[in-house]
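Report on one structure; see the data block that follows.
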Amino acid sequence: MPLSWNEIKQRAIAFSKEWENETSEKSESQSFWNDFFNVFGISRRRVASFEKPIKKADNKQGFIDLLWKGMILVEHKSRSKDLDKATQQAKDYFPNLKEHELPKYILVSDFQKFRLYDLDTNETKEFELQDFVNHVHLFGFMAGYEKRVYKDEDPVNIAAAELMGDLHDRLKEIGYIGHDLEVYLVRLLFCMFADVVFHSPPTFESL
């Protein structure tokens, strides 16, 4: 069962305080990411590996700092290092990753800054370590919370709603009001979408 958001936020605050003064990638980066995963109630060892060997786009040998196959790829740098270069380095690994290994997210960090790329939506979010608690929702996928994508309403549905609204107003103008009018419009609406709702055409009695 996923941790509650309140618990995650409390852990995020503790994590930020613990790591606010760290600077060196070489000495502490793995401990940093173990603690990061723990914020979301995950044992990093169960899902992700450090220093995965892989050929880069130029066919030179490289090592992915952290890879959770099919989920997230992490590149970590020392404080104040160029995160754009870190991002490009992460992308250079993609040609030689197997299909099931390709991540949905890229996360780069220099201890103090985080930059998260959502490869499905092509969105990028960046924040400071001290603001981590205000951005934990970006990592709901790690905690087991499903990401919801809200799409624009289907144009067909919009057109149908507008037609029903116009019809309602016109019928009301000529004297059709109250319960009978509402029932009539509901029946028309069902008829408009009968091929979706029913396997065979309905009768008015069934409505």
Side-chain angles (χ1 to χ4, degrees), residues 1-3 5 7-9 11-12 14-129 132-133 135-147:
M1 182 176 179
L3 296 178
W5 283 115
E7 175 67 19
I8 290 172
K9 287 180 178 180
R11 293 185 179 204
F15 174 84
S16 297
K17 290 181 179 178
E18 174 71 19
W19 291 99
E20 61 185 355
N21 296 315
E22 190 55 58
T23 61
S24 175
E25 175 200 3
K26 296 296 184 183
S27 61
E28 294 293 348
S29 63
Q30 293 191 2
S31 295
F32 179 86
W33 291 109
N34 284 336
D35 287 356
F36 182 90
F37 272 64
N38 186 59
V39 169
F40 302 97
I42 300 174
S43 169
R44 190 278 314 163
R45 294 181 63 185
R46 290 184 177 275
V47 298
S49 301
F50 290 122
E51 299 298 327
K52 174 181 171 58
I54 190 170
K55 294 290 186 180
K56 296 187 288 187
D58 59 6
N59 211 36
K60 293 181 179 179
Q61 184 63 48
F63 294 88
I64 299 174
D65 286 343
L66 184 151
L67 179 65
W68 180 352
K69 294 178 181 179
M71 187 63 72
I72 191 168
L73 185 154
V74 174
E75 275 300 313
H76 191 97
K77 299 300 177 185
S78 297
R79 185 183 291 193
S80 299
K81 293 294 184 179
D82 190 339
L83 294 187
D84 289 334
K85 289 184 178 180
T87 301
Q88 186 56 54
Q89 183 177 341
K91 292 179 178 179
D92 285 345
Y93 297 131
F94 274 53
N96 289 310
L97 284 172
K98 296 178 181 178
E99 189 70 24
H100 74 279
E101 295 176 325
L102 290 171
K104 298 177 181 177
Y105 302 88
I106 294 174
L107 179 60
V108 296
S109 176
D110 67 349
F111 287 112
Q112 294 304 306
K113 290 182 180 179
F114 294 83
R115 188 182 296 170
L116 179 69
Y117 298 86
D118 185 328
L119 299 176
D120 287 337
T121 64
N122 203 32
E123 294 180 328
T124 303
K125 302 292 184 181
E126 185 169 329
F127 59 91
E128 300 280 339
L129 174 65
F132 180 31
V133 65
H135 293 83
V136 290
H137 65 281
L138 297 174
F139 302 93
F141 63 91
M142 293 181 63
Y145 290 99
E146 182 179 356
K147 181 175 71 172

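H137 meets the ring pair (Phe, Tyr, Trp, His ring centres under 6.0 Å) test with no other residue; sequence neighbours excluded. Legend: residues meeting salt bridge (charged side-chain N to carboxylate O under 4.0 Å, His left out) with K52, ordered by chain and number and at least two apart, are E101. With sequence neighbours left out, the side chain to side chain donor-acceptor pair (under 3.5 Å) criterion links D35 to W19. When the side chain to side chain donor-acceptor pair (under 3.5 Å) test is applied to E20, no partner is found at least two apart in sequence or on another chain.
Ring-plane geometry between W5 and Y145 is classed as parallel, the angle between the planes falling under 30 degrees on a 0 to 90 degree scale with a further cut at 60. Ring-plane geometry between F132 and F40 is classed as perpendicular, the angle between the planes exceeding 60 degrees on a 0 to 90 degree scale with a lower cut at 30. Below 30°, between 30° and 60°, or above 60°: for F111 and H76 the angle between ring planes is above 60°, a perpendicular geometry.
Here K69 contributes atom NZ and I72 contributes atom CD1; the two are 16.0 Å apart, rounded to the nearest 0.5 Å. To the nearest 0.5 Å, atom CD1 of residue I106 and atom OG1 of residue T87 are 7.0 Å apart. Taken to the nearest 0.5 Å, the CG atom of L116 stands 5.5 Å off from the CZ atom of F141. Here the OG atom belonging to S49 is positioned 7.0 Å from the CG atom belonging to L67, to the nearest 0.5 angstrom. Distance check, rounded to the nearest 0.5 Å: CG of L138 to NZ of K125 gives 7.0 Å. Here the CG-OG distance, from L66 to S29, works out to 9.5 Å after rounding to the nearest 0.5 Å.
Sorted pairs that involve residues 39-50 and meet salt bridge (charged side-chain N to carboxylate O under 4.0 Å, His left out), not counting sequence neighbours, are lacking altogether. For the salt bridge (charged side-chain N to carboxylate O under 4.0 Å, His left out) condition, no pair includes a residue of residues 87-100, sequence neighbours left out.
Under the 4.5 Å side-chain criterion, counting only non-hydrogen atoms from C-beta, R115 is in contact with D84. With a 4.5 Å cut-off on side-chain heavy atoms, M142 and W68 count as touching. Looking at F139 and I8, their side chains never come closer than 4.5 Å, going by heavy atoms from C-beta outward. In this structure, K56 and Y93 have side chains that are in contact, with non-hydrogen atoms separated by less than 4.5 Å. The shortest side-chain heavy-atom distance between I64 and L97 falls under the 4.5 Å cut-off. In this structure the side chain of K55 reaches within 4.5 angstrom of the side chain of Q61, judged on heavy atoms.
I42 and A143 make their closest contact through CD1-N, 4.4 Å (heavy atoms, listed as atom of the first residue, atom of the second, distance). The nearest pair of heavy atoms linking W33 to S109 is CZ2-CB, 3.8 Å.
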Should F15 and F32 be marked as a ring pair (Phe, Tyr, Trp, His ring centres under 6.0 Å) after you check the CA-CA gap, both sets of side-chain angles, and the distance that decides it? CA-CA 9 Å; F15 174 84; F32 179 86; 5.1 Å; yes
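Here the side chain of E75 pairs a donor or acceptor atom with the backbone of D65 at under 3.5 angstrom. The backbone N or O of V74 sits nowhere less than 3.5 Å from a side-chain atom of Y105 that would complete a donor-acceptor pair. Side-chain atoms of D110 come within 3.5 Å of backbone N or O of S80 as a donor-acceptor pair. A donor-acceptor contact shorter than 3.5 Å links the side chain of R11 to the backbone of N38.
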